[in-house]
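Contents: one structure, followed by commentary.
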Amino acid sequence: MITTANSTARVKILALIFLIAVLIMVYPRSTQAGWTIRIQSWNLRYDSMPNDITVDETIAALNKTVPIDTQTKYYSDDTEQPWSTRRIGIKNEVLFNEVDLFTVNEGLHRQVEDLKELLDMPYIGVGRDDGAQAGEYQAIFYNPESIKLLSNDTFWLSDEPFEPSKYPGAGSYRSCTVGYFQTNKGGTKFVVINAHLDDQSDDQRRLGAALIKYRAAYEQETKKAPVFLVGDFNSQVSGETNGAYKITTGRLEFPIDRLNSTFVSKYNHSGSGFEFLDLIEATPVENRLGNLATFTGFKNDVDSFSRIDFQFGSNTSNWEAIRYKVGENWYDDSYYLSDHRPVISDIFLK
Ligand SMILES: *[C@@H]1O[C@H](CO)[C@@H](O)[C@H](O)[C@H]1NC(C)=O
Ligand SMILES: *[C@@H]1O[C@H](CO)[C@@H](O)[C@H](O)[C@H]1NC(C)=O
Ligand SMILES: *[C@@H]1O[C@H](CO)[C@@H](O)[C@H](O)[C@H]1NC(C)=O
Ligand SMILES: *[C@@H]1O[C@H](CO)[C@@H](O)[C@H](O)[C@H]1NC(C)=O
Ligand SMILES: *[C@@H]1O[C@H](CO)[C@@H](O)[C@H](O)[C@H]1NC(C)=O
């Protein structure tokens with residue numbers, strides 16, 4: 001027979017076990033406050049061989065037979081395939097990585113709409129040629145299960161940043177997407193900027209980098225949130241065209257009076273010091289994985305491989321780079337998913 005004293009003790013023990021279970025559920029990753037987010041950025045290559053094939057038709061035509069080793073020519077097909085074919089591999093790559101944010105460069109309207117369907121994730125961003133659906137999007141997809149969008153906008157990397165515009169001498173209209181987000185768990189806020197700098201004008205790349213850095217410093221100062229910059233710089237860390245990288249990382253000054261004056265006053269900040277850290281450098285060396293080059297082209301020609309796609313974080317102490325990887329765009333039994341490789345990082349937000 002159970003005495004009253006015994007059952008009170010049991011209730012107390014059960015209550016304690018329940019409390020511990022609740023605490024474990026509330027703090028699954030760490031007892032330190034904060035959350036880790038995974039960002040994958042990828043220049044997808046624009047849809048250069050458009051066709052009318054639907055997603056369902058592509059899936060229906062996939063060969064379900066798994067080949068045996070002798071039927072496979074490893075790394076045989078390095079030719080460009082149409083987007084309608086590539087999109088399935090890209091979708092699987094992103095979903096397999098279980099990302100919180102997926103940013104794309106060179107995505108035309110059809111491409112970002114396909115990904116919205118295939119990934120089942122919303123995106124922000126507009127076509128750079130008209131601020132609506134024309135031209136490439138610097139889209140930012142986010143997983144609504146883990147991330148909430150607070151606000152977003154687009155500006156152009158030109159002398160007229162508030163309207164679709166082209167820098168004199170640039171090959172294309174160039175824009176960037178700014179997203180202000182919050183983690184669902186923990187409610188930590190952060191900003192992501194996704195940009196694509198010009199392939200022809202080094203002056204545009206420098207101006208673009210300076211506009212982004214100026215805006216990022218404003219975001220950091222007014223929101224007190226970390227700012228991450230991702231995208232294709234069309235230029236490298238070293239060599240004659242490394243101005244954009246040097247401006248971004250605070251190794252080269254760009255005169256503020258050469259930026260659009262409306263932009264400068266709208267995003268005015270104290271200027272007490274802001275620069276971006278390259279995430280590969282910010283990540284502990286033992287946590288870096290994968291390739292160095294991010295651009296490969298559609299040729300197995302390693303002499304043209306280069307690191308031109310980056311992820312950066314504000315030089316603030318409210319985040320930590322946990323892991324960094326440049327992934328693959330070409331698997332041994334298939335074809336190039338894009339002419340760029342994806343960059344993936346895990347970032348701890350404090
Ligand atoms: C499907 O793949 C198998 C294995 O590689 C191959 O033998 C077969 O010919 C393929 N079928 C078609 C229709 O391409
Ligand atoms: C994001 O930007 C689009 C286009 O400017 C706008 O329609 C939408 O309301 C924005 N969403 C948020 C949450 O700010
Ligand atoms: C700044 O940009 C706006 C539009 O984006 C434009 O109307 C204005 O003329 C530009 N200012 C200067 C000084 O070029
Ligand atoms: C920025 O703000 C400071 C003080 O708040 C002011 O002195 C300065 O003139 C402003 N600069 C611009 C470009 O608006
Ligand atoms: C960030 O970089 C700027 C410019 O180099 C510097 O003035 C500032 O002290 C740095 N901030 C932090 C938190 O390291």
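We use all heavy atoms of the structure for the numbers below, so side chains are in, but hydrogens, waters and symmetry mates are not.
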- [ ] Heavy atoms only: give me the nearest Gln236-Ile308 pair and the separation to one decimal.
- [x] CG-CG2, 3.7 Å
Task: Distance-only side-chain donor-acceptor flag, Asp47 / Gln111, under 3.5 Å - done: no
Task: Ile147 and Ile37: CA distance, side-chain angles, deciding distance, side-chain contact (heavy atoms from CB on, under 4.5 Å) verdict - done: CA-CA 9 Å; Ile147 304 292; Ile37 55 165; 4.0 Å; yes
- [ ] Please confirm whether Tyr75 and Tyr331 have ring centers closer than 6.0 angstrom.
- [x] no
Open item on the list: Test your reading of the model: is there a side-chain donor-acceptor pair from Tyr214 to the backbone of Val264, 3.5 Å cut-off?
Closed with: yes
Task: Where Asn194 and Ala139 come nearest, the two heavy atoms and their spacing - done: ND2-O, 3.1 Å
Task: Whether Arg86 side chain and Leu44 backbone form a donor-acceptor pair below 3.5 Å - done: yes
Open item on the list: Is the ring pair Tyr137/His109 parallel, tilted or perpendicular, if the boundaries are 30 and 60 degrees?
Closed with: tilted
Task: Asp232 side chain to Asn43 side chain, donor-acceptor N/O pair below 3.5 angstrom - done: yes
Open item on the list: Check whether Lys213 reaches the backbone of Ala217 with its side chain - one donor and one acceptor, N or O, closer than 3.5 Å.
Closed with: no
Task: Ring geometry between Phe181 and Tyr142 (parallel below 30°, tilted from 30 to 60°, perpendicular above 60°) - done: tilted
Task: Trp330 (side chain) donor-acceptor with Asp77 (main chain) under 3.5 angstrom - done: yes
Open item on the list: If you take the centroid of each ring, where Trp contributes its six-membered ring, are Tyr335 and Phe298 closer together than 6.0 Å?
Closed with: no
Open item on the list: Can you tell me which residue among Thr248, Leu157, Asn242, Leu197 is in a side-chain contact (heavy atoms from CB on, under 4.5 Å) with Arg205?
Closed with: Leu197
Open item on the list: Side chains of Asn318 and Thr316: any donor to acceptor distance under 3.5 Å?
Closed with: yes
Open item on the list: Closer than 3.5 angstrom, by distance alone: can the side chain of Trp35 be matched with the main-chain N or O of Lys185 as a donor-acceptor pair?
Closed with: yes
Open item on the list: Hydrophobic clusters here meaning ILVMFWY residues chained together by side-chain heavy-atom distances under 4.5 Å, can you tell me if Leu337 and Val343 are in one?
Closed with: no
Open item on the list: Assess whether a salt bridge exists between Lys350 and Glu320, defined as any Lys/Arg side-chain N lying under 4.0 Å from an Asp/Glu carboxylate O.
Closed with: yes
- [ ] Evaluate the side chain to side chain donor-acceptor pair (under 3.5 Å) criterion for residues Ser235 and Thr241: first the C-alpha distance (whole Å), next the side-chain angles of each, then the deciding distance (0.1 Å), finally the verdict.
- [x] CA-CA 6 Å; Ser235 54; Thr241 61; 5.2 Å; no
- [ ] Start with the C-alpha distance between Arg38 and Asp100, add both sets of side-chain angles, then the distance that settles salt bridge (charged side-chain N to carboxylate O under 4.0 Å, His left out), and finish with yes or no.
- [x] CA-CA 5 Å; Arg38 175 165 293 177; Asp100 297 297; over 6 Å; no
Task: Side-chain donor/acceptor of Asp130 to backbone N/O of Gln133, under 3.5 Å - done: yes
Task: Thr103 to Ser41 - nearest heavy-atom pair and separation - done: OG1-CB, 3.0 Å
Open item on the list: On a heavy-atom basis, which atom in Gly131 and which in Pro164 lie closest, and how many Å separate them?
Closed with: N-CG, 3.7 Å
- [ ] Would you check if the side chain of Asn315 reaches a backbone N or O of Leu277 as a donor-acceptor pair within less than 3.5 Å?
- [x] no
TODO: If the plane angle is over 60° it's perpendicular, under 30° parallel, otherwise tilted; pick one for Trp319 and Phe228.
DONE: perpendicular
Task: Asp153/Arg215 salt bridge by N-O under 4.0 Å criterion - done: yes
TODO: Work out which heavy atom in Asp339 is nearest to a heavy atom in Phe295; give both atom names and the distance.
DONE: O-CD1, 3.5 Å
Task: Main-chain N/O of Asn97 paired with Gln40 side-chain donor or acceptor, under 3.5 Å - done: no
Task: Test item: Ser345 side-chain N/O and Tyr324 main-chain N/O as donor-acceptor pair under 3.5 Å - done: no
- [ ] Before accepting this row, confirm whether a basic side-chain N of the pair Asp114/Arg87 lies closer than 4.0 Å to the acidic partner's carboxylate O.
- [x] yes
Task: Mutual orientation of the aromatic rings belonging to Tyr267 and Tyr218 [parallel < 30°, tilted 30-60°, perpendicular > 60°] - done: perpendicular
Open item on the list: Membership question, hydrophobic clusters at under 4.5 Å side-chain separation (ILVMFWY): are Phe190 and Ile140 in the same one?
Closed with: yes
TODO: Any salt bridge (charged side-chain N to carboxylate O under 4.0 Å, His left out) involving residues 275-294? Give me the pairs, sequence neighbours left out, ordered by first then second residue.
DONE: Arg251-Glu281, Asp278-Arg307
Open item on the list: Looking at Val227, is its backbone amide N or carbonyl O close enough to the side chain of Ser314 to form a donor-acceptor pair, meaning the two atoms are under 3.5 Å apart?
Closed with: yes
Open item on the list: Could you check whether Asp199 pairs with Arg174 (Lys NZ or Arg NE/NH1/NH2 to Asp/Glu carboxylate O, under 4.0 Å)?
Closed with: yes
Contacts under 3.5 angstrom, residues 116-127 side chains, donor-acceptor by atom type, not counting sequence neighbours:
unit_1 : atom_1 : unit_2 : atom_2 : d
Tyr123 : OH     : Glu113 : OE2    : 2.7

- [ ] Over all heavy atoms of both residues, which pair between Trp42 and Ser338 is shortest? Give the atoms and the distance, please.
- [x] NE1-CB, 3.9 Å
Task: Between Asn105 and His340, a side-chain donor and acceptor under 3.5 Å - done: no
